[in-house]
Amino acid sequence: RIVRPDGEVRHMLTNIKMQPNVRGEPTMLTGVNRDITLEKQAADTLQRDTFRLQNIIENLPIGAIYVEGGRVSLNTMAEEITGYAREELQTLEMWFAKLFGDKSNTMATIYQRLRTKPGLLKSVVMDILRPNNEKRWIDFRGCKIEGGEAWIMKDVTEQRIAENKLKNLAYYDALTQLPNRAATEL
């Protein structure tokens, strides 16, 4: 790092080579200085932008998952939705085994089918099991990106419960719980 007479700070890369005499004693140094200020500024900007993007993804108000080469990365909200720490869901095998239990093979097959399609991956609602065996309904949406896939996940359990209550009200008598005319005309 150097400071020019006008106060501007510049970053330099210096390469020096020693030239020995016949006895191996240093007699001369040859060097080259190269101004790398622009490269340093570009690297600093890239690092700052990368950190900012990672911070945005980590703090999204929706679950975010990145899958590459069988490895799974989660943000904080995905941990909250699943009930598992990211260390517990580091691979696809761990993901399917923990979140889908006995249905893990079926869900892995559905996942493989979804990811063979180009571009945006179809939205799919699946039920998962949290560590306490609580069942939650999750809406998964994804897209392919270079090297992997990015998914978002939203817990739609409360919506699913409300829809089921509405269906029940529409097709069954509230007092007797017997099918009403709408249910028998289906």
Side-chain angles (χ1 to χ4, degrees), residues 1 11 13 36-171 186:
R1 189 180 107 142
H11 295 274
L13 177 65
I36 59 165
T37 304
L38 294 178
E39 290 109 344
K40 175 110 173 74
Q41 289 170 346
D44 290 347
T45 299
L46 179 61
Q47 183 178 15
R48 190 173 49 254
D49 290 349
T50 299
F51 177 76
R52 184 180 313 125
L53 184 57
Q54 287 172 339
N55 196 29
I56 289 169
I57 292 169
E58 184 62 30
N59 294 295
L60 282 172
I62 195 163
I65 306 132
Y66 179 68
V67 180
E68 182 177 8
R71 305 281 307 158
V72 177
S73 300
L74 311 173
N75 73 348
T76 302
M77 186 57 75
E79 287 181 306
E80 188 175 312
I81 291 169
T82 64
Y84 288 97
R86 59 191 76 197
E87 296 78 24
E88 297 176 275
L89 300 173
Q90 291 182 7
T91 66
L92 283 174
E93 292 79 22
M94 294 166 82
W95 175 270
F96 287 110
K98 289 191 185 282
L99 295 180
F100 299 105
D102 295 340
K103 299 186 300 182
S104 63
N105 289 336
T106 302
M107 294 309 195
T109 300
I110 291 170
Y111 165 75
Q112 291 301 333
R113 245 185 271 137
L114 285 172
R115 62 189 298 271
T116 59
K117 300 183 184 207
L120 290 177
L121 304 171
K122 182 180 174 187
S123 170
V124 62
V125 176
M126 298 178 173
D127 60 313
I128 66 166
L129 287 175
R130 292 172 49 99
N132 62 359
N133 285 325
E134 176 189 15
K135 183 178 179 179
R136 303 297 292 180
W137 289 93
I138 309 299
D139 181 7
F140 291 94
R141 297 169 191 248
C143 66
K144 289 185 179 184
I145 56 176
E146 188 176 331
E149 302 143 23
W151 292 85
I152 58 171
M153 62 188 306
K154 181 179 178 184
D155 189 333
V156 294
T157 304
E158 300 308 317
Q159 177 184 340
R160 203 61 175 230
I161 291 169
E163 287 171 0
N164 288 338
K165 283 181 182 177
L166 284 174
K167 284 179 188 174
N168 193 27
L169 288 172
Y171 296 116
L186 287 176

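Shown here is Q47, whose CD atom has no more than 12 heavy atoms of other residues, nucleotides or ligands within 6.0 Å. With a 6.0 Å radius and a threshold of 12 heavy atoms from other residues, nucleotides or ligands, N105 has its CG atom at or below the threshold.
Under the 4.5 Å side-chain criterion, counting only non-hydrogen atoms from C-beta, I110 is in contact with M126. Residues R141 and W151 have side chains not in contact (no heavy-atom distance under 4.5 Å, counting atoms from C-beta outward). Inter-residue side-chain proximity for V67 and L92 is flagged as met; some heavy-atom pair is nearer than 4.5 Å.
In this view, I62 and L60, I152, K154 satisfy the side-chain contact (heavy atoms from CB on, under 4.5 Å) rule, not counting sequence neighbours. Applying the side-chain hydrogen bond (donor to acceptor under 3.5 Å, both in side chains) test to S123 and every residue at least two apart in sequence or in another chain returns D139. Judged as a salt bridge (Lys or Arg N to Asp or Glu O under 4.0 Å), and not counting sequence neighbours, E68 has no contacts. Every side-chain contact (heavy atoms from CB on, under 4.5 Å) that R86 has, sequence neighbours left out, goes to E58, L74, T76, E79. Remark: D49 engages R52 in a side-chain hydrogen bond (donor to acceptor under 3.5 Å, both in side chains) (not counting sequence neighbours). With sequence neighbours left out, the side-chain contact (heavy atoms from CB on, under 4.5 Å) criterion links E87 to A85, Q90. Contacts of T50 classified as side-chain hydrogen bond (donor to acceptor under 3.5 Å, both in side chains), with partners at least two apart in sequence or in another chain: none. Judged as a side-chain hydrogen bond (donor to acceptor under 3.5 Å, both in side chains), and not counting sequence neighbours, W137 has no contacts. Legend: residues meeting ring pair (Phe, Tyr, Trp, His ring centres under 6.0 Å) with F96, ordered by chain and number and at least two apart, are F100, Y111. Checked against side-chain contact (heavy atoms from CB on, under 4.5 Å), I138 has the following partners two or more places apart in sequence or in another chain: I81, I128, R136, F140, M153, D155.
A salt bridge links K40 with D44: the distance from a Lys NZ or Arg NE/NH1/NH2 to an Asp or Glu carboxylate oxygen falls below 4.0 Å.
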In a table with atom names and distances, give each donor-acceptor pair under 3.5 Å that connects a side chain of residues 158-165 to protein atoms at least two apart or in another chain.
unit_1: Q159; atom_1: NE2; unit_2: E163; atom_2: OE2; d: 3.1
unit_1: N164; atom_1: ND2; unit_2: R160; atom_2: O; d: 3.4

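The heavy-atom pair separating G83 from P131 by the smallest distance is O-CG, 3.2 Å. The two residues A64 and A78 come nearest to each other via the heavy atoms O-CB, 3.9 Å. When every heavy atom of E88 is checked against every heavy atom of M94, the shortest pair comes out as O-CE, 3.2 Å.
For residues 101-114, the salt bridge (charged side-chain N to carboxylate O under 4.0 Å, His left out) pairs, not counting sequence neighbours, are K103-D127.
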- Message: With side-chain hydrogen bond (donor to acceptor under 3.5 Å, both in side chains) as the criterion, how do W95 and E93 come out once you've worked through the C-alpha distance, each side chain's angles and the decisive distance to 0.1 Å?
- Response: CA-CA 5 Å; W95 175 270; E93 292 79 22; over 6 Å; no
- Between L99 and L129, is a side-chain contact (heavy atoms from CB on, under 4.5 Å) present by the stated rule, with each step listed? CA-CA 5 Å; L99 295 180; L129 287 175; over 6 Å; no
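Distance check: Y66 OH to E149 CD gives 9.0 Å after rounding to the nearest 0.5 Å.
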